[in-house]
Trainee: 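If you scroll down you'll find the structure; I have some questions about it.
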Amino acid sequence: MLALRTRAAAGRLGPLVTRRHASHGPADAHHAPAAHGPAAEEGFSKGFFISLAVALGGLAFYQYDTAGQRPSIVTRLIAQYHSRHEVWEARNVLHTTMVEEAARDKSLLQDYRPAYTIPIRFPEVFNGGSPYNNEAGWATGELGAVKKHLEAEHKKYVPTTLRN
């Protein structure tokens, strides 16, 4: 077990002596100061002059653009993408109205108490009525004409002694 731990520890550390390549030695010929030519004179590149010309041209255009009565192009671009105060005011009023309405609805629903009801097995029993011992027309509307007709028929067939 001790041998395994020693090998594992040695594997993690890696080799203690690093390998040196021949091209990185101190006597390498192409790293010597004499291998390079004399120092070259370096000036500004074309990119520097192009960026300088663009900056000066932009400044001149800005000066020319602000000379008139109109605001500058920068101000116009900012105003184009900047929302107006009136728009924000309308949005705020609409948002406030919606929040107030939601608060009223929430208050209404929280304060509501349902009516006390008794659960029954067959609630349709209250919608129906007894078909017996009811006056004619109690459920279907006015049947006065039908009632008079039936009474007249009754008088024809019932003897006078049995009439009330």
Side-chain angles (χ1 to χ4, degrees), residues 1-132 134 137-143:
M1 185 73 179
L2 185 60
L4 288 176
R5 287 185 188 162
T6 321
R7 284 186 191 160
R12 273 188 300 223
L13 294 176
L16 296 178
V17 179
T18 58
R19 183 175 172 188
R20 190 167 227 200
H21 299 286
S23 63
H24 294 165
D28 191 7
H30 69 275
H31 286 278
H36 298 290
E41 291 294 325
E42 294 183 9
F44 293 107
S45 67
K46 280 194 252 182
F48 172 75
F49 290 113
I50 290 173
S51 62
L52 186 64
V54 167
L56 290 177
L59 185 62
F61 178 73
Y62 183 76
Q63 290 295 328
Y64 170 74
D65 193 35
T66 57
Q69 296 295 325
R70 296 185 335 179
S72 69
I73 190 165
V74 175
T75 306
R76 284 181 282 161
L77 284 174
I78 290 172
Q80 180 181 359
Y81 291 106
H82 183 61
S83 59
R84 304 268 184 251
H85 177 69
E86 298 84 20
V87 174
W88 278 104
E89 189 69 29
R91 286 179 187 169
N92 288 340
V93 167
L94 181 62
H95 182 261
T96 304
T97 306
M98 289 181 354
V99 167
E100 288 173 354
E101 186 177 336
R104 277 194 304 272
D105 292 346
K106 184 178 180 182
S107 174
L108 177 69
L109 293 175
Q110 284 180 344
D111 293 343
Y112 173 74
R113 300 223 171 160
Y116 180 72
T117 58
I118 300 172
I120 53 178
R121 287 187 185 184
F122 182 60
E124 286 296 318
V125 75
F126 293 120
N127 295 335
S130 174
Y132 307 111
N134 288 319
W138 70 274
T140 58
E142 182 57 39
L143 298 178

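Side-chain atoms are counted along with the backbone in the values below, which use heavy atoms only and exclude waters and symmetry mates.
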Trainee: Quick one: NE2 on His95 to CD on Glu100, what's the gap to the nearest 0.5 Å?
Mentor: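 Result: 11.0 Å between the selected atoms.
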Trainee: So, Thr97 side chain and Val93 main chain: donor-acceptor pair closer than 3.5 Å or not?
Mentor: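 Yes, the answer is positive, given that a donor and an acceptor are paired below the 3.5 Å cut-off.
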Trainee: How are the rings of Tyr64 and Phe61 set to each other: parallel, tilted or perpendicular (split at 30° and 60°)?
Mentor: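 Aromatic pair Tyr64/Phe61 classed tilted.
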